[in-house]
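A quick write-up on the structure given underneath.
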Amino acid sequence: MPRAVSGRLPRIGDWTDLDGLAKVQDSLLPGTLAAAAASPFYRTRRAGVPADRAGLAEYPLTTKDDLRDAYPFGMLAVDRSRLATYHESSGSTGTPTASYYTDADWVDLVDRYARMRVGIDKTDTFLVRTPYALMLTGHVAHAAARSCGATVVPADNRSLATPYAKVVRLLKDLDVTLTWSLPTDTLVWAAAARRAGLRPDRDFPALRALLVAGEPLSPARRDRIARVWGVPVVQEYGASETGGLAGECPHGEMHLWADRAIFEVYDPATGRISADGDGELVVTPLCREAMPLLRYHIGDRVEVSHRDCPCGWALPTVRVLGRFSAGAGITQLGLEELVFRLPAEYGVLFWRARHTASGLRVQIEVDDRHAAVASAGLLASIGTAHGLDAAVDAVPPGTLVPPGVLTAMPEVMKPRGLFTADEDWDRALRYY
């Protein structure tokens with residue numbers, strides 16, 4: 001596996017400007033290209049693997065369809081006996097893609113994750129509330145926290161063994177200090193805590209930060225989550241095929257880990273590819289053995305810039321806009337920003353919207369005493385931002401996130417075939 005500085009992975013501080021960063025990338029690239037030459041996909045593609053950075057700049061993009069067509073091991077560049085783990089993406093935007101990592105690849109994955117600006121150490125109790133199973137995210141957080149000496153609580157978010165009410169109990173009873181989850185999960189925890197008679201900002205004194213990733217997060221929602229819980233919200237960005245790609249500096253700016261990958265921005269309207277600007281992210285990981293990727297087109301809409309940051313990291317900054325839009329310039333991130341700009345005292349945590357030919361319909365959960373003013377305020381904001389017909393419906397709390405979701409108890413049983421008369425024998429042989 002390529003190493004740039006004294007036989008080790010690059011560290012922030014190994015460069016002081018963009019020229020120094022480029023030298024770090026150039027020192028890693030030959031190893032990446034050599035690894036790609038061992039991949040069946042790249043070995044047989046076009047005229048083979050490019051020889052240098054200039055050749056890479058002319059090389060065609062690698063797409064998600066390429067990864068799907070290569071399923072399961074067409075991208076594999078090492079002997080299978082060297083693989084440490086195999087993963088698949090969530091498939092949230094299509095057929096899942098496969099990815100795999102060696103032990104050396106895992107050293108890089110863990111190192112990038114452990115760059116979290118709040119730090120992780122042996123005094124932390126770290127609750128992991130992202131998927132385990134085939135996805136990468138839970139395993140990376142778990143491994144990184146353990147490497148830092150933290151106590152890990154593997155709560156998963158795809159298991160009926162850990163419903164929201166149980167997460168709240170764990171947060172309180174175990175004095176959890178850090179969590180790792182989707183941003184939305186933190187709001188559902190807050191609602192579940194209140195349902196249990198607890199105040200998120202008062203009754204969890206050990207909690208010191210909420211670490212989040214996995215979905216776009218608007219500044220307004222981030223501020224609301226931080227206010228609800230009374231702790232910082234720290235964002236990370238990555239993908240199953242690549243691991244972490246960006247994280248926050250001490251000043252709260254999101255920086256691409258450009259010492260571990262070469263990043264580009266693709267404009268689908270013009271086909272132009274540049275080092276920064278608005279478009280879709282393209283990444284060439286530089287510390288990857290098992291599954292090298294050359295100019296991988298992730299597809300996430302981003303804004304990348306090389307502006308100066310007080311942190312002095314000399315890494316490009318990124319704003320992740322997500323992938324989903326509903327037409328007419330309406331994006332989830334944009335609508336979310338408008339929803340969470342509503343005054344916090346209205347108590348709006350959950351919303352949904354649908355854009356059809358007849359216009360935009362939005363629903364927000366809000367108590368009756370704030371329903372009229374909240375609806376009117378959001379309607380006015382949408383009109384100003386988008387200039388289109390909209391309807392905003394205030395629905396009672398519990399409509400979008402039912403109380404049963406917040407109070408459900410664990411539902412786990414061991415497989416069995418024999419039941420008594422008052423039991424549901426349709427559950428025979430199921431684990432849950």
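Values below: every heavy atom of this structure, side chains too, minus hydrogens, waters and symmetry copies. Given the structure is predicted, the values throughout are model-derived calculations rather than measurements.
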Test log, rule side chain to side chain donor-acceptor pair (under 3.5 Å), inputs T62 and Y42: CA-CA 10 Å; T62 302; Y42 289 114; 2.7 Å; yes
Those residues that, when tested against R112, pass side chain to side chain donor-acceptor pair (under 3.5 Å) (two or more places apart): D108
By side chain to side chain donor-acceptor pair (under 3.5 Å) - contacts of E236 (at least two apart): none
Whether [X] side chain and [Y] backbone form a donor-acceptor pair below 3.5 Å:
| X | Y | result |
| --- | --- | --- |
| E336 | S218 | yes |
| D14 | R11 | yes |
| E215 | T184 | yes |
| R221 | P216 | yes |
| E365 | L400 | yes |
| D79 | R82 | no |
| T97 | L67 | no |
| S89 | S240 | no |
| S27 | V24 | yes |
| R354 | V362 | no |

How about [X] and [Y]: do any of their side-chain heavy atoms sit closer than 4.5 Å?
| X | Y | answer |
| --- | --- | --- |
| T151 | D124 | no |
| L160 | P410 | no |
| I225 | P183 | yes |
| L9 | C287 | yes |
| L61 | I273 | yes |

Please list, chain by chain and in numerical order, all residues satisfying ring pair (Phe, Tyr, Trp, His ring centres under 6.0 Å) with [X], sequence neighbours excluded.
| X | result |
| --- | --- |
| H255 | W313 |
| Y237 | none |
| Y346 | H370 |
| Y266 | H297 |

From CA spacing to verdict: salt bridge (Lys or Arg N to Asp or Glu O under 4.0 Å), R227, D201: CA-CA 8 Å; R227 177 168 177 171; D201 62 344; over 6 Å; no
If every non-hydrogen atom of [X] is compared with every non-hydrogen atom of [Y], which pair is closest and at what distance?
| X | Y | result |
| --- | --- | --- |
| R301 | T331 | NH1-CG2, 3.9 Å |
| T125 | V176 | O-CG1, 3.5 Å |
| V302 | V320 | CG1-CA, 4.3 Å |
| V348 | L342 | CG2-CD1, 4.2 Å |
| T242 | R288 | CA-NH1, 4.1 Å |
| L83 | A290 | CD2-CB, 3.7 Å |

Salt bridge (charged side-chain N to carboxylate O under 4.0 Å, His left out) involving [X] - partner list, sequence neighbours excluded:
| X | answer |
| --- | --- |
| R129 | D185 |
| E337 | R341 |
| D66 | R45 |
| D278 | none |

Say whether [X] and [Y], considering side chains only, have a donor N or O and an acceptor N or O under 3.5 Å apart.
| X | Y | result |
| --- | --- | --- |
| D276 | S305 | no |
| D121 | T123 | yes |
| Q25 | R53 | yes |
| S99 | Y86 | no |

Residues 135-148 side chain polar contacts: donor-acceptor under 3.5 Å, at least two apart:
unit_1	atom_1	unit_2	atom_2	d
T137	OG1	T130	OG1	3.2
T137	OG1	W180	NE1	3.1
H139	NE2	A133	O	2.9
H142	ND1	Y132	OH	2.9
R146	NH1	A150	O	2.8
S147	OG	A144	O	2.7

Parallel, tilted or perpendicular: ring planes of Y101 versus H87, cut at 30 and 60 degrees: perpendicular
Plane angle bin for F126 and Y113 - parallel if under 30°, tilted between 30 and 60°, otherwise perpendicular: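 Perpendicular, since the angle between the ring planes exceeds 60°.
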Closer than 4.0 angstrom, basic N to acidic O: yes or no for [X] and [Y]?
| X | Y | answer |
| --- | --- | --- |
| D111 | R8 | no |
| E253 | R307 | yes |
| E248 | R117 | yes |

Pair R115-D259, salt bridge (Lys or Arg N to Asp or Glu O under 4.0 Å): steps then yes or no: CA-CA 13 Å; R115 285 177 165 181; D259 61 319; 2.7 Å; yes
W229 vs T186, side chain to side chain donor-acceptor pair (under 3.5 Å): CA-CA, chis, key distance, verdict: CA-CA 9 Å; W229 284 97; T186 65; 4.7 Å; no
Working for side-chain contact (heavy atoms from CB on, under 4.5 Å), residues L207 and T177: CA-CA 4 Å; L207 190 65; T177 58; 5.9 Å; no
Should we say atom [atom1] of [X] is surrounded by more than 12 heavy atoms from elsewhere, each under 6.0 Å from it?
| X | atom1 | answer |
| --- | --- | --- |
| R43 | CZ | yes |
| D17 | CG | yes |
| E58 | CD | no |

Check: Y100 ring centroid to F73 ring centroid under 6.0 Å: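 That pair passes the under 6.0 Å test.
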Sequence neighbours excluded, every pair satisfying salt bridge (charged side-chain N to carboxylate O under 4.0 Å, His left out) that has a member inside residues 264-275: E264-R295
Trace of the side-chain contact (heavy atoms from CB on, under 4.5 Å) decision for L198 with V168: CA-CA 9 Å; L198 301 170; V168 170; 3.8 Å; yes
Check against salt bridge (Lys or Arg N to Asp or Glu O under 4.0 Å), D26 and K23: CA-CA 5 Å; D26 289 341; K23 290 178 180 177; over 6 Å; no
